[in-house]
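Just follow the structure's listing: the first ligand is 1, and inside any ligand the first atom is 1.
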Amino acid sequence: MILAVSKLKNPSSPADGYRGRFAPSPTGPLHAGSLVAALGSWLDARANGGQWLLRIEDIDTPRCVPGADIQIQAQLRACGLFWDGKPSYQSRRQEHYQMAFQRLNKLGKLYACSCSRQTISNALLAAGIHTPRNQEVVYPGTCRPSQPTPYSDELLGDSKKAWRIALPENCQIKFEDLSLGMQKQDLNQAVGDFVLRRNDGLFTYQLAVVVDDAQQGITHIVRGQDLLNNTARQIYLQNQLNYPTPSYRHLPLVLDEHGEKLSKQTLASSINTENEKSALAELRIAAKHLGLHGLPDGDTTIAEWLLAAAKAWRINIAKYD
Ligand code: GLU
C-alpha cells in the first residue's frame with residue numbers, strides 16, 4: 001500500500017474554513033519549546049483568518065501533572081494567545097476513541113499483543129537488530145496472526161493486552177510538509193504494527209489525536225518537529241478511518257545546550273509570564289526562533305506586537321491563498 005497525500009482527500013483550503021489547534025500534554029507548564037508551537041500555530045491560524053482551538057492532551061493520565069492544564073491556559077492568556085471555544089480534554093472523550101477502535105476491529109485491522117518490552121527487545125536482538133537510543137523500536141510482529149480477523153466485543157475488551165494495528169506488507173506514506181517539503185516513511189521499516197490501546201487500557205496518542213483532529217474539523221496542523229515522525233502513522237490511520245488528511249507544518253525545535261529537545265525530562269524551565277513585559281520578551285524569543293524578523297522591538301503592547309507578527313507571518317511564511 002502506497003499512500004500519498006495527493007491521493008487522499010485534499011486538505012481543506014482556508015477558504016473552506018481554516019481550523020488549527022494547539023494540543024499540549026499537561027505534563028508541566030509551557031517552556032520555550034512549547035511556546036514556539038503555540039505561537040506558530042496561533043500565527044498561522046490568525047494570519048489566515050482561521051480558528052485556533054485548544055486541546056488538552058491528557059490521554060496518558062500517569063504522565064499528567066495536576067493543575068498543569070490551568071497553568072498552560074493562564075500562560076497562553078498572558079501571552080495574548082486566546083483560543084476559540086472551550087478547551088477540549090482527551091480524558092473526557094474515551095467513547096469516541098472506543099468507537100474508532102471498534103471500527104478498526106470490524107475491518108479486521110487489530111490484534112492483541114502480550115509482548116513486554118523485554119520480549120520485544122529479545123526478539124529484535126535475536127534477529128540481529130540493534131535499536132539506537134532515541135530511535136523508535138520497530139515491532140517485530142511476534143504476536144501478529146497470519147490473517148487478522150475481527151474480535152468479539154468481549155475479547156476486544158481485554159485490557160491486559162496491548163492492541164496493535166496490522167499494517168499491510170507495503171506501507172509507504174508520503175506527504176508534503178509545508179515547511180520541510182516532501183516527506184516519506186515506510187511504516188513497516190520505521191515502526192511496525194503500532195499500538196492503539198496499551199496494556200493498561202489507555203488509548204494511545206496516535207489514535208486519540210487522529211480522532212480529535214477529524215472530529216474537530218482541523219484543517220491545518222502546525223506543531224514541533226519532534227512530532228514529524230508520528231505524522232505518517234496518523235495519515236495511515238486517517239485513511240483507514242476514512243477521515244480527511246489535514247495539511248502539516250512542522251516547526252523547528254528548541255534545543256538545550258546538550259542538543260536535546262526541551263521537555264519536562266530535560267528539566268526545561270517554565271516561560272516567565274508574570275507580567276506583560278516578561279511575556280512579551282518570551283514571545284520575542286519564540287518569534288525569532290520561528291524566523292520572524294522586523295517586528296516592533298520598542299515599547300509596545302502584546303496585542304499590537306501579535307498583530308504585527310501575524311502580518312509578518314502571512315507575508316513571509318504562510319500565505320495559503
Ligand atoms: N500533545 C502533544 C505534545 O504535547 C502534541 C500533539 C500534536 O500537536 O499533535 O507533544
Close-range residues for ligand 1, whose non-hydrogen atoms fall below the 4.0 Å threshold: Arg21, Ala23, Pro24, Ser25, Glu57, Tyr205, Val209, Arg223, Leu227
Flag, side chain of Asp58 to backbone of Gln90, donor-acceptor distance under 3.5 Å: yes
Phe101 backbone acceptor or donor facing Asn105 side chain under 3.5 Å: no
Side chain Arg198, main chain Ala162, donor-acceptor under 3.5 Å: no
Same apolar cluster: Tyr205 and Val137, side chain cutoff 4.5 Å: yes
Salt-bridge contact Asp200-Lys160 (side-chain N to carboxylate O under 4.0 Å): no
Trp163/Tyr151 aromatic ring centres below 6.0 Å: yes
